[in-house]
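Proteins come first, then strands; the chains are lettered A, B, ... in the order of their sequence lines, and each starts at number 1.
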Amino acid sequence: MRLSKMFIPTVRETPSEATAESHKLMLRAGYVRQLAAGLYIYLPLGWRVITRINRILREEMDAIGAQEVSMPVLQPAEQWQQTGRWFDIKEEMFRLKDRGGRDMCLGMTHEETMTWLASREIRSYRQLPQIWYQIQTKLRDEARPKSGILRTREFLMKDSYSFDASVEGLRESYKLHEDAYHRIFTRCGLKFYQVESDTGMMGGAIAHEFMAPSPSGEDDIILCAACGYQANVEVAGSVPPAASFDEETPYEDVHTPEKRTVEEVSRFLKEPPEHFIKSILLIAGEGPVLALLRGDQQLHEKKLQRLTGPFRAAGKPEIREILGVEAGFIGPMDHEGIRIIADPVLRTGVYITGANKPHHHRKGVRAAVNFQAAWHDIHVAAGGDGCPRCGAALRVEKAIEIGNIFQLGTKYSKALNAVFLNESGAEEPIIMGSYGIGPARIAAAAIEQNHDRDGIIWPDAISPFDVEIIPLGAGDSPEVESAAWDLYRELDKNGTEVLLDDRDLRAGVKLKDADLIGIPRQIIIGERNLKEGFVELKDRRTKEVRRIRPAMAPDALKAAGGE
RNA sequence: CGGGGCGUAGCGCAGUCCGGCUAGCGCACCUGCUUUGGGAGCAGGGGGUCGGAGGUUCGAAUCCUCUCGCCCCGACCA
């Protein structure tokens, strides 16, 4: 491809709205343009990257026996109503009516449609298993689109769905995807982790996310180097660092005038936060719940929500009414008929907590002796905590979610009556899994993980081109120009994807642009070197330059992995 | 949805607090000459009515009201 014929609008200055590195570079290097919040146009270079990623997705999905289909983006409300998600999902779903007044929506994912198809067509266990996938546009009216291409309202997704006759079958389909995903992300040149994740409103029991570490990531993941435990903080367990206590502390009240927060009391009494019990009153659907945490820990709302259902913080008047205490001086002792959920770290130790009377805290408080509670992990895991499996110190990293896999079970098949007859002629619901990958996120994560001050450094497999030929001063030197074209034809003939910068521009501009665009290898043809029979092969990442004979270029590229 | 910030030429910005001549600067763009291995130099030139609407005023980019858009933090993220 000739650069002069290709639309690659590079810019020197970064548009001010971009903050994520990948976003800045994609704008500067002419890969994308923004149409509106969360809506992006892919320019020729950007689309080539997406196309290459999609090719890898197709190859690996086909390799596990998955079959590509294409589903409508515009969908009737009916199936969504049958699964209940029409009502569970709020503003995030784009809804509209057709001319006949029928409720429709734009697909944000395709469980409903895929399951509907299965319900119509699958009759017998003999037709199972099936894996169907598509690479299709999804639409979600995101509360806050952000970070360029990372969180958009319209995006491409590879989504596949498995249909099995048994739980064992589901596990196999899940494993196939797990392995395929590892191959896909490895081929795309990404550093990534597979972590345990929340099933969220997808339902089902087991789920994993594939996470590409990056400072622009929206998720925190918890990692144990010792045993390999890896989980999203959404679900990660941990053992907070042990604290030491004075076992002799008497059970008595201390005067703490106007000291309400753990921080205030901690400073006032000169006791570290881990010697305190934080008591938080919440109002759940079933009524008030008192949550207990160690003073240095944070309440993990999602973990608690799994126990109590949705809740909200109690207001000050409610606290007085329900507990008879002023906010800031709540303790877990002596409450009748209120559900108390405590983090297990509080099982041992001697604590300070609110005395249930104004301006007083109580010392010497022990679990089981002074209060009873149901024990559940309700704290946020943090770096430095102990691993829940092996006890070693945990690490936290920010990461971009590039893929996820869910064991759905029968949630959708039951709702949409997708059933089959088993070997003994009995009707059973199909057992499903669903599996997603965001191609744009792969591209963004690749840039986040592979760039330098000068621009993008594409991993070989997803670079828009394999090599860029940069003739310098071609306009004045027919030799340079014809050498460039000879090389171009030669490489092209081999199936190498070549970008030739045939623009009549100064050397500096071409070299800067080449670094920005980020094709992993450059062949620079200059007059002086050419007179001696050489061109330069430059590695974008290392900046290492080798003088080679033009005839050696195809082999040299192959050796460098640039095919 | 809560909090914050920003909309002035294609891009990046100054001017706004404290209204006052033809609204500036850099980059990009056009013309000419010179230059040509890391975003060239000189000279000349084109382009904006200040996000939009309404108001205050002799006078509004600047003050007031409303509104639209974009970004960031949080909530949310099926």
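- Side-chain atoms of R144(A) lie closest to C72(B) of the nucleotides G39(B), C72(B), C70(B).
- One N or O on the side chain of D539(A) and one on the backbone of T542(A) form a donor-acceptor pair closer than 3.5 Å.
- With a 6.0 Å radius and a threshold of 12 heavy atoms from other residues, nucleotides or ligands, K543(A) has its NZ atom above the threshold.
- Every pair passing salt bridge (Lys or Arg N to Asp or Glu O under 4.0 Å) that includes a residue from residues 296-311 of chain A is listed here, sequence neighbours excluded: D198(A)-R306(A), E234(A)-K302(A), R294(A)-D296(A), K303(A)-D377(A).
- Between R312(A) and E318(A), at least one side-chain N (NZ, or NE/NH1/NH2) sits under 4.0 Å from a carboxylate O, which counts as a salt bridge.
- Annotation: C58(B) and G51(B) have their C1' atoms spaced 28 Å apart (nearest Å).
- We find that CG of L516(A) is positioned 13 Å from C1' of G38(B), with the value rounded to whole Å.
- A207(A) pairs by the side-chain contact (heavy atoms from CB on, under 4.5 Å) definition with S197(A), T199(A), F406(A), not counting sequence neighbours.
- For the pairing with H208(A), the side chain to side chain donor-acceptor pair (under 3.5 Å) check across Y181(A), Y435(A), Y174(A) returns one residue only, Y174(A).
- Distance check on atom P: G15(B) versus A53(B) gives 25 Å, rounded to whole Å.
- Atoms CG (L35(A)) and P (C71(B)) sit 11 Å apart, rounded to a whole Å.
- Look at CG on D198(A): it is 13 Å from C1' on C76(B), rounded to the nearest Å.
- We find that E13(A) and R28(A) are not joined by a salt bridge, their nearest charged nitrogen and carboxylate oxygen being 4.0 Å or further apart.
- Listed by chain and residue number, D98(A) satisfy the side-chain contact (heavy atoms from CB on, under 4.5 Å) test with R102(A) (two or more places apart in sequence, or in another chain).
- Look at CZ on R28(A): it is 14 Å from C1' on A28(B), rounded to the nearest Å.
- No salt bridge links K411(A) with E111(A); every basic N to acidic carboxylate O contact stays at or beyond 4.0 Å.
- RNA chain B lies under 4.0 Å from no heavy atom of any residue of residues 1-9 of chain A.
- With sequence neighbours excluded, no residue forms a salt bridge (Lys or Arg N to Asp or Glu O under 4.0 Å) with E178(A).
- Pair check for G74(B) finds C1(B); Watson-Crick or G-U wobble, both atom distances under 3.5 Å.
- A salt bridge is absent between K398(A) and D219(A): the closest approach of a Lys/Arg side-chain nitrogen to an acidic carboxylate oxygen does not fall below 4.0 angstrom.
- When the C1' atom is used for both G46(B) and A9(B), the distance is 11 Å, rounded to whole Å.
- Contact annotation for Q34(A): backbone-only contact, meaning every heavy-atom pair under 4.0 Å involves sugar-phosphate atoms and none involves a base.
- In this structure, W80(A) has its ring center at least 6.0 angstrom away from the ring center of F87(A).
- The CD1 atom of I470(A) sits 14 Å away from the P atom of G39(B) (whole-angstrom rounding).
- Comparing the same atom, P, in G12(B) and in C76(B) gives a spacing of 33 Å after rounding to whole Å.
- Look at U57(B): it lacks any Watson-Crick or wobble partner with both distances under 3.5 angstrom.
- A gap of 7 Å separates the C1' atoms of G52(B) and C68(B), to the nearest Å.
- Across the C1' atoms, U8(B) and C50(B) are found 4 Å apart, a figure rounded to whole Å.
- For the C1' atom pair drawn from U57(B) and A61(B), the interatomic distance equals 16 Å after rounding to whole Å.
- Residues P288(A) and L281(A) form a side-chain contact, since some pair of their non-hydrogen atoms from C-beta on lies under 4.5 Å apart.
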How does protein reach along nucleotides 30-37 of chain B, written 5' to 3' as B (base within reach of a heavy atom under 4.0 Å), S (only sugar-phosphate), or - (no contact)? -----BSB
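- Applying the side-chain hydrogen bond (donor to acceptor under 3.5 Å, both in side chains) criterion to D103(A), with sequence neighbours excluded, gives K97(A).
- In this structure C6(B) sits in a base pair with G69(B), meeting the Watson-Crick or G-U test at under 3.5 Å.
- Between the CD atom of E91(A) and the C1' atom of A75(B) there is a distance of 12 Å, given to the nearest Å.
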So which protein nitrogen or oxygen atoms get under 3.5 Å of nucleotides 6-11 of chain B's nitrogens or oxygens?
from	atom 1	to	atom 2	distance (Å)
C11(B)	O2	E13(A)	OE1	3.2

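- A residue-by-residue look at A36(A) and Q522(A) shows that Q522(A) has its nearest nucleotide of RNA chain B further toward the 5' end.
- Within 4.0 Å of S147(A), counting heavy atoms only, lie sugar-phosphate atoms of the nucleic acid but no base atom.
- Taking atom CG of residue D501(A) and atom C1' of nucleotide G39(B), one finds them 13 Å apart after rounding to whole Å.
- In the region residues 136-143 of chain A, proximity to RNA chain B at under 4.0 angstrom, judged on heavy atoms, holds for R140(A), A143(A).
- Separating the P atom of G74(B) from that of C18(B) is a span of 34 Å, rounded to the nearest Å.
- Across all strands shown, G26(B) forms a Watson-Crick or G-U wobble pair with C11(B), both key distances being under 3.5 Å.
- One atom, CZ of R312(A), and another, P of G2(B), lie 19 Å apart when rounded to the nearest Å.
- The stretch residues 503-533 of chain A participates, sequence neighbours left out, in no ring pair (Phe, Tyr, Trp, His ring centres under 6.0 Å) pair at all.
- Evaluation of the salt bridge (Lys or Arg N to Asp or Glu O under 4.0 Å) rule for K414(A) yields no partner, not counting sequence neighbours.
- Taking every heavy atom of residues 538-548 of chain A and every atom of RNA chain B, pairs under 4.0 Å involve K538(A), by number.
- In E263(A), the CD atom is not crowded: 12 or fewer heavy atoms of neighbouring residues, nucleotides or ligands sit closer than 6.0 Å.
- Classification of D164(A) and R171(A) as a salt-bridged pair fails, no side-chain N sitting under 4.0 Å from a carboxylate O.
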